[in-house]
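Just so it is clear: chains get the letters A, B, ... in the order the sequence lines come, proteins before strands, and each one is counted from 1.
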Number of protein chains: 2
Amino acid sequence: MADVAREAGVSIATVSRALRGRPGVGEETSRRIRAVAERLAYVVSPEASHLSRRETGRVAVVVPQLAPWFYATMVGEVVRLLRDAGLDTLLYEVDGPEERGRFVEELPARRKVDAVVLLALPLTPSQRDRLDLLGVRVVVAGGRLRDLPHVEVDDLAVAHTAVDHLVGLGHRDIAMVRTSDTDETPWEADLLRSRGWSERLRHHGLEPREELRVTVEIGPRAGVEAVQRLLALPQRPTAVFAYSDELAAGVVVGAREAGLRVPEDLSVIGVDGHPIAELLDLTTVDQHVAEQAARTVTTVLHLVGRTADGDPVDPAEQVGHAAEPLSVVLDHTLVVRSSTAPPSSAG
Amino acid sequence: MADVAREAGVSIATVSRALRGRPGVGEETSRRIRAVAERLAYVVSPEASHLSRRETGRVAVVVPQLAPWFYATMVGEVVRLLRDAGLDTLLYEVDGPEERGRFVEELPARRKVDAVVLLALPLTPSQRDRLDLLGVRVVVAGGRLRDLPHVEVDDLAVAHTAVDHLVGLGHRDIAMVRTSDTDETPWEADLLRSRGWSERLRHHGLEPREELRVTVEIGPRAGVEAVQRLLALPQRPTAVFAYSDELAAGVVVGAREAGLRVPEDLSVIGVDGHPIAELLDLTTVDQHVAEQAARTVTTVLHLVGRTADGDPVDPAEQVGHAAEPLSVVLDHTLVVRSSTAPPSSAG
DNA sequence: CTGAAAGCGCTTACAG
DNA sequence: CTGAAAGCGCTTACAG
């Protein structure tokens, strides 16, 4: 910056103002400064700028995993929208209970960001409390945590929608295939969808049979394994509600490997709106991931006082906004395709 | 830091040394300082530290998209390994030609990182040249760019492996299903696998028929569309080599929708080692993504002079290392499953 | 409209 | 082993 100032024949204070677009710099002076900066291919040092301004221009996004479709899609969207607002994204992947423990212990994001987004991150109660040490705004997406601002779908209602669809088709023996992390940390979405399954069956006067609720470890063949277990039961289900589309896909493949037809012999419904559901023509409950990402970013921008274009919000105005609810529960949509139909025995 | 210094009764210089573990601080003094820092829940400001040390402790990872399996898996691994080495990851998603143009124009990562990793990023020649303005080390993964250090598989050889497998089974009418970005930017992996297909067919004395090379736009049903086009041909192929496992999965689904059996009526082979290949029992060429990620991180650490544990490398030693080749071409592996078999007409 | 100066929170030769 | 001081590269009241 000193170089630019010298070349332009002004002080570094003026260069700083001109480059930041602050008022109080002559039209002509400003133009000259910009021209010099351009010619020298100069860009302001973010480190120094942040040190002075006491903000980082960064937000941390923390995910348990990145490869599963939900996370990859959410993160991709969030990163893009934050960038549009002029914010950089620091990504942390904390897989498994030990790494999560280490993360909240060390808090590597501390003092490095203006806000952090926790994406469907299972935390134990004691881990949740350490979050306060972050010293920055926290937004929870894909779940809720304490009283922190959150963006989510209502997983109980998601399960109700799926069960209603199957019951409406005439199914009475409806299984639930759920997944689980290996540890004991409560995985919110899974717990709620599972609870929604049993709740809603009872609501329809059906008793949820425990042997119809199978839990499998995540993996490419998880759904296949689940359906194998279900088909070994004396009283087989005629329909399956799977925690996710990936699991539902496995259930379909497993059913076909066992010689069953879908949907004639077994109806299958998943959750997500995953491309694999479109490929295999699976009925699903779409949870509108792109919109969840958009609302998450909106909340973040609100908390750090920026607009979607990256402009700072007028502090006076900001106070008014603060009254708005920061947490939001988004809608989901039933997408009926060819993997669900009335049970053949119901005709 | 001033607070800690006051509490511990020393200067901030000593606090800095103690906390960074630099030599020249008394055992006892150091212990006391650490205890105070702990009690005050103090952590060094990375901004200030970096400003002083002239390094950021960050690396940028740039991807065209995040949702596709290859990218999500690579990024997840890279982020984790960088974190183990004490480095943070700044993620940029630059989808489509305009965003890529904007990215190299604005270079948002400039002065924010110690190195940048370009992940299979298609760039035009003029865009490549602007990379020099980044002013930091660049590592290319999943492809190569100019003379920059790179980590990749040999996509020509990948195609050869796939074609050899099909020819070895007795196939002579072998189709290639490739994908494409919408713009004209050369997509290295696609071009090479496509070229490898025709090259290798000729090598086996077979003429690559252009109508057997179909290009589809990426999407969940891309493979389905491709196979529909192929089946409309007067002389149908007996085998398909698909650019990726996701595409191969679509081809299998499309073939079955058309009433064909896989592999009896159509053999299908993909590339990646994607979980969907395991789910559908597809033959594939595994490109060992986790290893590509590991080698990429190794290269980055080498360039920024760190060990995998995050320790700085002794500068003297580092010079010696610099002689090592920074670019590496990794092996791939043919994984034979049930989607490929001899053509039924070949019996 | 513009500049001199203090300050952001560290690190590291340089002296003791 | 420890401290005073300069410096990292900016930003922003405070004066003109």
Review point. Where does the chain B footprint on DNA chain C start and end, counting 5' to 3' with a 4.0 Å heavy-atom cut-off?
Key: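 So the outermost contacting nucleotides come out as dG9(C) to dA13(C).
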Practice item. List for me each residue that meets side-chain hydrogen bond (donor to acceptor under 3.5 Å, both in side chains) alongside Arg31(B), sequence neighbours excluded, and say none if there are none. Key: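 With sequence neighbours excluded, Arg31(B) shows a side-chain hydrogen bond (donor to acceptor under 3.5 Å, both in side chains) to no residue whatsoever.
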Tell me every residue that passes side-chain hydrogen bond (donor to acceptor under 3.5 Å, both in side chains) with Glu47(A), counting only those two or more places apart in sequence or in another chain.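 side-chain hydrogen bond (donor to acceptor under 3.5 Å, both in side chains) list for Glu47(A), sorted by chain: Arg58(B).
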Applying the side-chain hydrogen bond (donor to acceptor under 3.5 Å, both in side chains) test to Glu152(A), which of Arg144(A), Gln292(A), Arg295(A) qualifies?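 Of the listed residues Arg144(A), Gln292(A), Arg295(A), the side-chain hydrogen bond (donor to acceptor under 3.5 Å, both in side chains) partner of Glu152(A) is Arg144(A).
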Query raised in the report: Which ones in residues 40-52 of chain A lie close to DNA chain C, meaning a heavy atom under 4.0 Å from one of its atoms?
Result: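 Per residue number, the list reads Leu51(A), Ser52(A).
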I'd like to check the side-chain contact (heavy atoms from CB on, under 4.5 Å) partners of Leu145(B); sequence neighbours left out, ordered by chain and number.
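Here the qualifying residues are Leu118(B), Leu123(B), Arg128(B), Leu131(B), Val140(B), Leu148(B).
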Exercise. Which residue pairs pass the salt bridge (charged side-chain N to carboxylate O under 4.0 Å, His left out) test with at least one member in residues 108-119 of chain B, sequence neighbours excluded?
Worked result: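 Residue pairs with at least one partner in residues 108-119 of chain B: Asp88(A)-Lys112(B).
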Any side-chain heavy-atom pair of Leu19(A) and Ile33(A) under 4.5 Å: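 Counting from C-beta outward, Leu19(A) and Ile33(A) do come under 4.5 Å.
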Each base of DNA chain C marked ( ) or [ ] if paired in-strand (Watson-Crick or G-U under 3.5 Å), | if paired to another strand and . if unpaired gives |||.||||||||.|||
- Query: Arg54(A): what forms a salt bridge (Lys or Arg N to Asp or Glu O under 4.0 Å) with it, not counting sequence neighbours?
  - Reply: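 With sequence neighbours excluded, Arg54(A) shows a salt bridge (Lys or Arg N to Asp or Glu O under 4.0 Å) to no residue whatsoever.
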Side chain [X], main chain [Y], donor-acceptor under 3.5 Å:
X: Glu105(B); Y: Arg102(B); value: no
X: Thr298(A); Y: Ala294(A); value: yes
X: His50(B); Y: Pro46(B); value: yes

(message) Would you measure the distance from the P atom in dC10(C) across to the matching atom in dC14(C) and give it in whole Å?
(response)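 One P to the other, the span is 24 Å.
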Residue pairs, two or more places apart or on separate chains, that pass side chain to side chain donor-acceptor pair (under 3.5 Å) and touch residues 33-46 of chain A =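 Found Glu7(A)-Arg39(A), Ser30(A)-Arg34(A).
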(request) Any side chain to side chain donor-acceptor pair (under 3.5 Å) involving residues 11-27 of chain B? Give me the pairs, sequence neighbours left out, ordered by first then second residue. (result)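 Only Ser11(B)-Thr14(B) qualify under side chain to side chain donor-acceptor pair (under 3.5 Å).
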Requested in this report: Please list all pairs passing the ring pair (Phe, Tyr, Trp, His ring centres under 6.0 Å) test where one or both residues lie in residues 78-105 of chain A, with sequence neighbours left out.
Outcome: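 Listed once each, the pairs are Tyr92(A)-Phe103(A).
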Review point. In residues 15-27 of chain B, which residues come under 4.0 Å of DNA chain D by heavy atom?
Key: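 Heavy-atom contacts with DNA chain D come from Arg17(B), Gly24(B), Val25(B), Gly26(B).
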On DNA chain D, does the nearest nucleotide to Thr14(B) precede the nearest nucleotide to Thr14(A) from the 5' side, or the other way round? Give the residue.
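Nearest nucleotide further toward 5': that of Thr14(B).
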